[in-house]
Structure formats: structure tokens, C-alpha cells
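Given the structure is predicted, the values throughout are model-derived calculations rather than measurements.
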Amino acid sequence: MQAVRASLTDLGYKTGLYGTRNVCLHAAESMEISNFFVANMSYGWSGNLGFPMPKNWCFNQFVEYTTGSGVDIDQDASSGRDSGTKKFESTGGVTADEALKYILGNTNLQIGGKYVQTFGPFKATWLATNEVADKSSSNIVTISNNELPEADLTAILETKYKLPDWIGHLTVDGIGKWGISEKIKKGNFELEIGDSKDGEFSFKLKYYVYQVEKGSLSETLTIEIDVTFNKSDFDNWPTYDPAESFGITLSMPM
């Protein structure tokens with residue numbers, strides 16, 4: 001529930017909840033959710049046995065009956081806390097396509113598509129999707145005011161992946177030279193490192209974009225970059241700087 005609430009909040013929505021009394025009480029206490037549609041109809045659910053109604057209930061589903069035409073209808077009570085909505089208006093906002101072009105510039109990458117780039121030993125596969133971030137992941141850090149928290153990212157590399165300090169700083173430096181986070185006002189960043197196999201290594205970078213300089217997004221946008229390289233390829237590039245090459249690979253025009 002925490003992950004769902006966090007994702008909805010990032011997209012500008014207020015979270016409500018439908019569930020038993022116990023579920024609603026737990027959400028009110030631990031997640032500060034204040035609008036509830038209580039599934040109070042079934043006394044067979046353990047979540048309703050012995051638990052009081054949540055104080056902030058909006059609707060109470062307490063009985064179901066069948067009409068003469070055979071249609072089952074729930075009878076619900078309203079506390080008056082939620083008056084409902086008579087009409088819906090677009091909030092405008094920035095579309096995923098607009099945000100993608102703003103972040104990557106003059107790009108051929110489209111939502112649902114992919115693009116492959118290589119420089120030196122690095123191969124980068126770019127993807128743009130509408131994937132929603134898994135906020136429960138231990139690999140996620142928060143982008144705030146166009147800044148990526150380098151200390152948090154380095155800590156993930158050193159503690160979870162047990163990378164030496166110099167490799168962790170090299171990776172963070174390469175990501176920093178890319179500069180995408182500088183165009184994301186609010187979002188998340190996720191880094192996954194794959195297992196090495198036959199000398200080949202892989203990184204997966206995901207940027208979940210919620211807000212850019214122009215405004216909040218009206219839909220989800222995730223930019224994913226899968227980076228692979230083989231240790232043996234480094235022998236053919238003796239004079240280049242790895243962090244610089246990584247940065248160039250990610251910043252090459254598409």
C-alpha cells in the first residue's frame with residue numbers, strides 16, 4: 001500500500017482506500033490516508049470482526065439485495081465527508097512525449113520504442129515506457145530539484161552490490177556526466193547491476209519522471225538504459241577514460 005500511495009502522490013493524486021474495517025484503520029494510522037470506502041457488508045471477513053469503523057469513513061457498504069430483474073445492488077451509506085465529483089476536467093500537464101523530447105532533446109526515441117548506441121566498449125540500449133516505479137525497491141533513490149543524490153547512490157553500490165569504492169565512484173561519475181537528472185525536477189532513479197558472465201557486465205538505469213521544468217506530467221514516463229560491456233574490450237581502448245566514455249555513450253545524439 002505504501003508503494004501505491006507513493007506512486008499516486010507523485011502523479012498528483014490523493015489516495016483513498018476500499019477495504020475492511022481493519023485494513024482502513026491500519027491505513028489511517030500508518031499511511032495517513034483519510035478517505036475510506038468500508039467493505040462492511042460481510043461479517044465473515046476477519047477484518048470486520050471486532051474492529052470499529054474508521055473515524056474518517058466516507059462510504060459504508062453494508063447490505064446487498066437483488067432487484068426483480070435479478071441485478072445485485074449494494075446499499076451504501078454516506079457520511080457526507082466525500083461529496084463526489086460531478087465533472088472531470090483535464091489538469092493539462094506535460095505529456096510523456098513532451099517530457100521525453102525535453103529531457104533527451106532532438107531524439108528518435110518514442111514511447112514503446114528502443115534505440116541502441118555504442119562507444120568504446122559500452123553498448124547502451126534506450127527504452128521509453130509508461131512503467132510505474134516500484135517504491136519498495138531498495139535500489140531506488142529520489143531525484144529532487146534536478147539533483148541526483150550521489151551519496152545515496154554510491155551507498156547502494158557499495159553496500160548492496162559490494163563494489164569497491166573506486167568502481168562505485170566511477171559509475172556515479174559516469175551517470176553524472178550524462179546529465180539527465182538535471183532536467184528532472186521530481187522523479188526517481190533506479191540502478192540494477194546484473195551478474196557478470198564470461199567477462200560481460202551489465203547495468204540497468206531507470207529514470208521515473210514525474211515533473212520537469214515546464215510542469216508535472218499528466219501520465220507516467222520511464223526512461224530505461226541498459227548498458228553492457230565486456231572486460232576484454234578494454235584492452236582495445238588503452239588511452240580512453242572509462243567514465244568519460246560512459247558519459248559520451250549516454251550523451252550521444254540519437
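Scanning all heavy atoms of the two residues, the minimum distance from F62 to D76 falls at CE2-C, 3.8 Å. Shortest non-hydrogen contact noted between N56 and S34 is CB-O, 3.0 Å. In plain terms, the two heavy atoms of A27 and L17 that are nearest each other are CB-CD1, 3.8 Å. F36 and C24 get closest at one heavy-atom pair: CZ-O, 3.3 Å. Closest non-hydrogen pair, V141 versus P149, comes out as CB-CG, 3.8 Å. Residues V38 and P54 share a closest heavy-atom pair of CG2-CG, 3.8 Å.
In this structure, L217 is a member of the same hydrophobic cluster as L109, with clusters built from ILVMFWY side-chain heavy atoms closer than 4.5 Å. Cluster membership check: L100 shares its hydrophobic cluster with Y115, using side-chain heavy-atom separations under 4.5 Å among Ile, Leu, Val, Met, Phe, Trp and Tyr. Using a 4.5 Å cut-off between side-chain heavy atoms of Ile, Leu, Val, Met, Phe, Trp and Tyr, with links allowed through other members, F51 and M53 fall into different hydrophobic clusters. A single hydrophobic cluster is not seen to contain both L127 and I225; linkage of ILVMFWY side chains at heavy-atom distances under 4.5 Å, directly or through other members, places them apart.
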Inset, instruction - Test M41 against E64 for side-chain contact (heavy atoms from CB on, under 4.5 Å), laying out the working first. - result: CA-CA 8 Å; M41 185 168 59; E64 178 183 81; 3.4 Å; yes
Legend entry - Full working for side-chain contact (heavy atoms from CB on, under 4.5 Å) between E192 and F203: CA-CA 6 Å; E192 296 180 11; F203 294 86; over 6 Å; no
Inset, instruction - Check the pair E190 / S137 against side-chain hydrogen bond (donor to acceptor under 3.5 Å, both in side chains), numbers first and verdict last. - result: CA-CA 8 Å; E190 183 175 15; S137 170; 3.1 Å; yes
Inset, instruction - Test side-chain contact (heavy atoms from CB on, under 4.5 Å) on I33 and R5 and set out the steps. - result: CA-CA 9 Å; I33 293 178; R5 179 179 179 275; 4.0 Å; yes
Legend entry - V227/T125 under side-chain contact (heavy atoms from CB on, under 4.5 Å): CA gap, chis, key distance, verdict: CA-CA 6 Å; V227 181; T125 302; over 6 Å; no
Inset, instruction - Test R21 against N40 for side-chain hydrogen bond (donor to acceptor under 3.5 Å, both in side chains), laying out the working first. - result: CA-CA 7 Å; R21 296 182 183 187; N40 203 30; 2.7 Å; yes
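Counting non-hydrogen atoms of neighbouring residues, nucleotides and ligands closer than 6.0 angstrom, the CD atom of E147 reaches no more than 12 such neighbours.
Judged purely by distance below 3.5 Å, without hydrogens or angles, the side chains of D72 and T66 pair a donor atom with an acceptor atom. Side-chain polar atoms of Q61 and D74 form a donor-acceptor pair below 3.5 angstrom. A donor-acceptor contact under 3.5 angstrom links the side chains of T67 and S69, judged on distance only.
Put simply, the side chain of T222 gets close to the backbone of E131: a donor and an acceptor are under 3.5 Å apart. In this structure, N130 contributes its side chain and L221 its backbone to no donor-acceptor pair below 3.5 Å.
Between the CG atom in D97 and the CD1 atom in I111 there is a gap of 5.0 Å [rounded to 0.5 Å]. Note that CG of L191 and CG of D152 are 12.5 Å apart. Values are rounded to the nearest 0.5 Å. Here the CG-CG distance, from L205 to D226, works out to 8.0 Å after rounding to the nearest 0.5 Å. Atom CD of E213 sits about 12.5 Å away from atom CD1 of I184, to the nearest 0.5 Å. Interatomic distance, CD of E32 versus OG1 of T15, reported as 11.5 Å (0.5 Å rounding). If you take OG on S181 and CG on N188, they are separated by 12.5 Å, rounding to the nearest 0.5 Å.
As a member of the Ile/Leu/Val/Met/Phe/Trp/Tyr network built from side-chain separations under 4.5 Å, I73 groups with Y65, V71.
Using a 30° and 60° split on the angle between ring planes, F59 and F37 fall in the tilted class, from 30° to 60°.
Salt bridge status for E224 with K114: absent, with no side-chain N to carboxylate O gap under 4.0 Å.
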